[in-house]
Number of protein chains: 2
Amino acid sequence: MDIRDIAKHAKVSIATVSRTINHVSTVDPDLAKRVWKAIDELGYYPNTQARTLVSGKSRIFGLVIPDITNPFFPGIVQAFEEIAIQYDYEILLTSTGNDQHRMEKAIRRMIERQVDGVAIMTFGMEEELLEHLHFRKMPLVFIDVGPPLPLVSNIRIQYQIGVRQAVQHLASHHHRRIAFVSGPPELKSATARTLAFQNAMAEKGLEVPDGMIVSGHHTVEGGLAAFEQLAARTERPTAVMCSNDVSAIGVMRKAYELGIQVPDDLSVIGFDDIHLAEFVIPPLTSIRMSQTELARLAFHALLADVERTSLPPAGTEYFLTTELVLRKSTAPVRKPAAEPSKTHPF
Amino acid sequence: MDIRDIAKHAKVSIATVSRTINHVSTVDPDLAKRVWKAIDELGYYPNTQARTLVSGKSRIFGLVIPDITNPFFPGIVQAFEEIAIQYDYEILLTSTGNDQHRMEKAIRRMIERQVDGVAIMTFGMEEELLEHLHFRKMPLVFIDVGPPLPLVSNIRIQYQIGVRQAVQHLASHHHRRIAFVSGPPELKSATARTLAFQNAMAEKGLEVPDGMIVSGHHTVEGGLAAFEQLAARTERPTAVMCSNDVSAIGVMRKAYELGIQVPDDLSVIGFDDIHLAEFVIPPLTSIRMSQTELARLAFHALLADVERTSLPPAGTEYFLTTELVLRKSTAPVRKPAAEPSKTHPF
DNA sequence: TTGAAAGCGCTAACAC
DNA sequence: GTGTTAGCGCTTTCAA
């Protein structure tokens, strides 16, 4: 069944059917009514492939994420999908596992499917791949790492704001030895968080000795291993901040195994504020980065470039703030770090 | 740039280019080499829409899940995607929130995009919707609830096996008052779990008094509320089984709030065995239902029907077992339920 | 306002 | 083994 059947059934031309479906205003209301009736009676669904082929617009956006299994991303996917449906767009989703090879295949598939734009929520991509995309005038949106090109937007996450709040919070609770469980070093958005931590510590005049920053790979297992390392130090940290919530969960779990009480013996702060953060035991203090807002920004960035008729400016920027969400995984240090006593030297 | 450009550049006909791309074996190796070279040099990507339009096969499978935010589903999505890529298929993913209206829109979009089959991981669908799909000879795979039609497969989850193990485990630890936090009552796969629980309890000769089965809606919040209700009973349960892991996390969290120790004062068992189950505190005992295996079965069910040339049998069935995974959230009852003492009546 | 017809990029049937 | 060509289902001129 195709557009011709509808035309026949409604006794109009296929052009009129097409116009009706596309809500072209010049169609005679009577004819339109006949067409809709026919569509309904025959249960006709237009063939999107054919429409795409002729119109050149697929109404599909690609969404590239590193790992659907990390609870931060389902939140994004869900929000992105919600908006997409609203605007009558479809999503082509891929998890790449931060693997360049899979990323490449994903992008290739997206080009083949003629997506109208791609939101890249991973750590950027190789120059050559980007060439392919940009060569095809494909609107792109990145988190932090997009190059300053027309049709390429960036969502700049203001890591510093939330991180500063977190360090401030810890410092005001007399924490001095604060460790940081970072993400994968090759992930730009992770190194940006590490940097923000170092800056915030410096601002407070707090030192970050060697070995107090250790990678947790943004996984539970990574967090586990990271804290194991941290706990083995002679000067064990009294607080640890994590580059994401999942690794914070790993840290808490390892602390539990070692008999270290959170928050009494150890404060921990996560990053992302995933839904579950509120429900782990104890409820996790975290630096929120709104998944809904992020998805919304990304979608609209793409949409703006798709709908733009004039040639677009280079490198549009959007901003997303972060903020500390206090829960129960932080507390004042129980015994302040023993400092060389200045009173009574004898 | 299209197939014609490649043909020109390689000095062959477009048919030869098409054949080369599709690995038709009769193409002269020399010509093929020229074609691949041209493809590479010009950076040509075939247009999938055009291919679909003429071949009638989109190489897209729809994947319908209730809620991407429930950590059980990302595991499925990931596994499904992995296999799909392997077979050169694409996925159209939708979360429906178990809402019939959204489900309807999702299915409509899938038909419009000419998907080759749909895996429906939710609680079934309205008769009429199914008609639409089946009318179009669309291969379908359901969990448990598919009707016995040709081109419709079912994956039968053997809930009873794991649930029986769980009840057995609890019973052997002297638990008698065992509660069940069920899923949404309108969700067939959830009622199947409840039923399995009731059966297993009956087999053990254990009673399930009124009010000991309460809905947790398969969400953390639902689990929270459910246990609040359970904890308020005069005869509080010594163990609670949950219809999924997420609600079990809610239960544990509420117990923590109420100062009830898991597992010493309360044993809890989840269902699904999500990745995180191993990492919550305490590590959650759960009934595993392999997400990878489920995705694999679903994909191959669809693939089998797509590739079938003869007319297919009605209602192919696949089976997936469940099994108890012991961790730290269960323990023997501390003080056995006080029974009317039979010795020394005076 | 409506219809006829060209053509989007490709596959497949058929002819050579 | 290779090329020519019809046509997949639709949108979009253009003419009426």
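Labels below follow one simple rule: chain letters A, B, ... track the order of the sequence lines, proteins then strands, and each chain is numbered from 1. Note: hydrogens, waters and symmetry copies are ignored here, and every other heavy atom, side chains too, is used. These figures come from a predicted structure and were not determined experimentally.
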Exercise for the section: Quick one: pull up OG1 in A:T16 and NZ in A:K11 and give me the separation to the nearest 0.5 Å. Expected result: 14.5 Å
Exercise for the section: Taking heavy atoms of chain B and a 4.0 Å limit, find me the 5'-most and 3'-most nucleotide of DNA chain C within that range. Expected result: C:dG9 to C:dA13
Problem - Lys/Arg N to Asp/Glu carboxylate O, B:E131 vs B:R136, below 4.0 Å - result: no
Practice task
Examine A:H132 together with B:Y45 and report whether their ring centres are nearer than 6.0 Å.
Solution key: yes
Problem - Nearest heavy-atom neighbours spanning B:I83 and B:H300 - result: CG2-NE2, 4.3 Å
Problem - Worked verdict on B:N22 versus B:R51 for side-chain contact (heavy atoms from CB on, under 4.5 Å) - result: CA-CA 11 Å; B:N22 292 298; B:R51 298 175 100 163; 3.0 Å; yes
Problem - Gap separating the CG atom of B:D116 from the NZ atom of B:K57, nearest 0.5 angstrom - result: 4.5 Å
Exercise for the section: Tell me, please, whether B:Y87 has B:R59 positioned over its six-membered ring: NZ or CZ under 6.0 Å from the ring centre and within 45 degrees of its axis? Expected result: no
Practice task
Could you run through nucleotides 8-16 of chain D and give me one letter per nucleotide, 5' to 3': B if any protein heavy atom sits under 4.0 Å from the base, S if only the sugar-phosphate is that close, - if neither?
Solution key: BBBBBB---
